[in-house]
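Data block below; observations after.
What you are looking at is a predicted structure, and each value in this text was computed from that prediction instead of being measured. Per chain, numbering begins at 1; letters A, B, ... match sequence-line order. When reading the values below, keep in mind they use all heavy atoms of this one structure, side chains included, and skip hydrogens, waters and symmetry mates.
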Amino acid sequence: MATTNGEYVIDLHHVEKIYRGKVHALRGVEMQVHRGEIFGLLGPNGAGKSTLVKIMMTVVRPTHIGGTLLGRPIGHKPTLRRVGYLPEDHRFPRYLTGRQALEFYAALAKVDRRTRKRRAAELLTTVGMSDWADKKVSTYSKGMMQRVGLAQALVNDPQLVLLDEPTDGVDPVGRREIRDILVELRRRGTTIFLNSHLLSELEMVCDRVAILVQGKVVMQGTIDDLTAQSRRYEITIQGAAPDWAQGDPSIRVEVLSDGQSKLIIQGSEPGPMQPILDRLRRESRIICAMEPVRETLEDLFMRAVTDPATGQILAPGALPPVGRSGKGGRR
Amino acid sequence: MTVVAAMLLDAYRELNSKKLFWITLVLSGMVVIGYGSIGFDEDGMSILYGLKHVDSEFIKQGSPWARAMYMGIFSDFVVTIWLSWIAIILALISTTTIFPDFVASGTIDLVLAKPITRIKLFVIKYLTSLLFVVLQVGLFCVGVFACVGLRLGEWNWMIFAAVPIVTVFYSYLYSANVLTGILTRSAITALLLTMLFWCGLWSIQSSEVILNQFRLMSQVQAERAQEIVDRVEASLTTADDAENGGGKLQRLRWERELEGAQEDHEQAQELEQTLATWHRRVRVVIIVLPKTQQTVGLLSRWLKDPHGFSIMAMMRGDMTGVMPGSHANRATDVDAETSRRMEAYYDDPSPWFIITTSLGFELLVLGVACWMFVRRDY
């Protein structure tokens, strides 16, 4: 049993899920999400991201789990009153209007009548759907459904919101609006757990990320921490790299196609750069460019999904279990 | 309470969006209008709001015949044919999508992520799904109640007993629909399997009725044959005592009649025993299954004429209820006696027994469905 740590809104330990078809979707996931942050969960298709979210929301039953959600054991139903959830490809009953849908799901979350009416109206305005509030959801586009879906996830004024691909099908303007909403929620102290493929968007809003590959968390932390190792300076010079640079183990040399060379110096401090620049100047080398470089989230992601031994991209999807892993827990 | 109210409102909105709900309501309205078109005056009865008049000495305003006929049309025809067959089929078609849609991916996630246990969710969803029948039958009964009140001057609240009876009857079938809906997640498959289940129930119950009818008929025939045996034997004894010697031919005739009656008695008894064995076996099966026909039949029992008149009895020529003098003629009538015994037989089990054993089966089916709903990953 995991410790209940007030600092963590989500504190997961040894999360295992083996589906009936013996698909080992999650293999001992460990994950912590801090209060008031936007946390991004990344991973290739079939890595187990949605399964993990569904386990937290009691939609899928774990094979084994330890840990807490808002300080209570995972699966504790009353806790879900303080949690908002937008599933991937959600579907509202087609006979409801946007407003009715929000009020219905708020009632299921045990929000009182007056509050849910007020919240529904406010949120429909927030997500830009007030003009469509009283139209049937069957007339909505995918993007509109996502907007109302997001409003639905917020209708119970949750402390924690889990969003599975919230910007799927939403136009660029809508995406920006959703990002703004998330940032505003964070400002008000709400914790947001984002599950998305859109790495650039996650990079813009997430405080911390975890990368899930084949049912396991392979990286977890702030984007700065995770990319610290990759920080470097790149100096592009005209012509071939000098011999002394090629012999220096702290400098990596790349030959570029246009007759230029690139000297790559690992590290985030500018100090070690200065003697190299001085020497290049002394040798009258033409310095075309010099820039500090950091891995993007996409680079980080690609590194995470690449097998270090073979350099090959790991196959998408979950791993089948080795033998018949009957690992104790529920099925 | 918030959750129950919300799901009830949602169930109503779902029904409201279905065209078939309104079509069924309109058809029900037409049946009520048709029922209300039958009226009585001092000379007899009128049909189609006076378009056609039938003079009758018995069926006229204020007569028990008219009352029994009007109530009988409701309990034996309108409920049995319209509410128990046609409206139920329409209800099943309308509601068969409810559970498969409810457990569909994308929909169920939103609901399961709420602070409600799965069992509670299942039970509330099931109960609110019965709203279709409750509303349809309830509104229908309001119409019938008004017709009976206006036509007979009798404001009979027992008419509203049709609401729980038809709802319970429908729930037997709907439980199977829910199970198959959760199992297959396909509305059309669920509907077909439910119809199959209903056909199965109907076949078993009809077999039981037919077997019972023939068993009782054999029983009556055996009794009639025994009566003849007793009568002829008495005649022979009397003849022996008289020793008049002149009745040899008559005696021979009696002996032949005795022989024939004994043979008939033996055959009828043998057949009755065979049928009784089979009937017992079928009955054992029926005890554990939902008793759809008997459940609906409860309404006829509760609306039975206080004078013993029944429209079904009238249709088979049994006038004992209102014409006691006809009893002597009918006593020899095997068919009429069999029908009377059938009626008595099916009036015997208590409503409590019929409903609880049927609901027991329904609970079992729902229990399996609920277990699957609770255990499944979505």
Can you tell me if [X] has over 12 outside heavy atoms packed within less than 6.0 Å of its [atom1]?
{"X": "A:Lys216", "atom1": "NZ", "answer": "no"}
{"X": "B:Trp371", "atom1": "CH2", "answer": "no"}
{"X": "B:Ile81", "atom1": "CD1", "answer": "yes"}
{"X": "A:Arg118", "atom1": "CZ", "answer": "yes"}

Closest non-hydrogen contact found for A:Lys54 with B:Tyr378 is NZ-O, 3.3 Å
Pair count under 4.5 Å, heavy atoms only, with chain B: among A:Gly84, A:Pro87, A:Gly149, A:Ala106, highest is A:Pro87
Ranking A:Arg113, A:Lys136, A:Lys110 by heavy-atom pairs under 4.5 Å to chain B gives rank one to A:Lys110
- Give the intermediate values and the outcome of side-chain contact (heavy atoms from CB on, under 4.5 Å) for residues B:Leu9 and A:Gln100. CA-CA 10 Å; B:Leu9 180 63; A:Gln100 287 171 344; over 6 Å; no
message: Quick check: under 4.5 Å, non-hydrogen atoms only, which of residues 104-118 of chain B neighbour chain A?
response: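 Interface residues of residues 104-118 of chain B: B:Ala104, B:Ser105, B:Gly106, B:Thr107, B:Asp109, B:Leu110, B:Val111, B:Leu112, B:Ala113, B:Lys114, B:Pro115, B:Ile116, B:Thr117, B:Arg118.
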message = Quick test of your reading of the model: are B:Asp101 and A:Arg91 salt-bridged, counting only N-O distances below 4.0 Å?
response =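 Not counted as a salt bridge, because no side-chain N and carboxylate O are separated by less than 4.0 Å.
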Check whether [X] gets within reach of chain B through its side chain, its backbone, both or neither, counting any heavy atom under 4.5 Å.
{"X": "A:Val83", "result": "neither"}
{"X": "A:Arg82", "result": "neither"}
{"X": "A:Leu96", "result": "side chain"}

Q. Please, which pairs that meet ring pair (Phe, Tyr, Trp, His ring centres under 6.0 Å) have at least one residue in residues 98-119 of chain A, sequence neighbours excluded?
A.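 Those involving residues 98-119 of chain A are A:Phe92-A:Tyr105.
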*Heavy-atom check, side chain of B:Asp377 versus side chain of A:Arg20, under 4.5 Å*: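 Heavy-atom side-chain distance check fails, nothing below 4.5 Å.
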**OP:** Could you check B:Asn16, B:Asp10, B:Leu15 and say which one makes a side chain to side chain contact (heavy atoms under 4.5 Å, CB included) with A:Tyr95?
**Re:**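 Answer after filtering B:Asn16, B:Asp10, B:Leu15: B:Asp10.
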